[in-house]
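Reading through the structure tokens given below for one structure.
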Amino acid sequence: MDDFKQLSMEELVDVLAQKTQKFTQLLVEKKFNGEYQQCKEMIQHLLAEIELRKEISASGDEATKSTPAP
């Protein structure tokens, strides 16, 4: 999952959309096989990475706001 660190936020969202589409297809087809499980885990990792970046960005924004201008 270190590969996610190399991706931009836009790329992460694109991969998430692709994996979600595949996951939904497998769900509709009731194919609960290894690929289904891999998609599910990948989606969870992607969401975690996106959430982490949002938190880091938000904390960075707060730090900038609370720092007085010279």
Side-chain angles (χ1 to χ4, degrees):
M1 298 311 134
D2 289 331
D3 295 339
F4 295 152
K5 304 242 184 275
Q6 305 301 321
L7 299 177
S8 69
M9 183 64 99
E10 292 81 13
E11 291 169 322
L12 283 174
V13 173
D14 285 345
V15 174
L16 177 60
Q18 293 167 9
K19 291 299 177 183
T20 301
Q21 182 179 14
K22 183 62 179 177
F23 179 80
T24 303
Q25 177 187 356
L26 293 168
L27 187 64
V28 168
E29 295 172 358
K30 297 182 176 153
K31 293 184 178 178
F32 304 113
N33 54 19
E35 186 177 13
Y36 170 88
Q37 191 61 36
Q38 287 176 340
C39 281
K40 184 176 177 180
E41 290 174 12
M42 179 79 74
I43 289 168
Q44 291 171 337
H45 289 295
L46 286 161
L47 288 171
E49 179 67 25
I50 290 168
E51 190 61 33
L52 177 65
R53 290 187 188 190
K54 284 172 50 179
E55 289 174 12
I56 291 170
S57 177
S59 67
D61 291 344
E62 288 300 316
T64 303
K65 289 178 187 176
S66 64
T67 305

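Along the sequence shown, the residues carry numbers beginning at 1. What you are looking at is a predicted structure, and each value in this text was computed from that prediction instead of being measured.
We find the CD-CG distance between Gln6 and Leu12 to be 11.0 Å, quoted to the nearest 0.5 Å. Rounded to the nearest 0.5 Å, atoms CD (Glu49) and NZ (Lys5) are 4.0 Å apart.
Looking at residues two or more places apart in sequence or on another chain, you find no side chain to side chain donor-acceptor pair (under 3.5 Å) involving Gln21. Looking at residues two or more places apart in sequence or on another chain, you find a side chain to side chain contact (heavy atoms under 4.5 Å, CB included) between Gln37 and Lys40, Glu41. Evaluation of the ring-ring contact (aromatic ring centres under 6.0 Å, His included) rule for Tyr36 yields Phe23, Phe32 as partners, not counting sequence neighbours. For Glu51, the side chain to side chain donor-acceptor pair (under 3.5 Å) criterion is met by no residue, not counting sequence neighbours.
Between Gln38 and Met42, every side-chain heavy-atom pair lies at or beyond the 4.5 Å cut-off. Looking at heavy atoms from C-beta onward, Thr20 lies in side-chain contact with Thr24 at the 4.5 angstrom threshold.
Contact detail for Leu46 and Val15: the closest heavy-atom pair is CD1-CG1, 3.7 Å.
Identified under the salt bridge (charged side-chain N to carboxylate O under 4.0 Å, His left out) test for residues 6-26, with sequence neighbours left out: Lys22-Glu35.
Side-chain heavy-atom separations under 4.5 angstrom define the hydrophobic clusters, and the remaining members of the one that includes Ile56 are Leu52.
Proximity of a side-chain donor or acceptor of Ser57 to a complementary backbone N or O of Arg53 within less than 3.5 Å is not detected.
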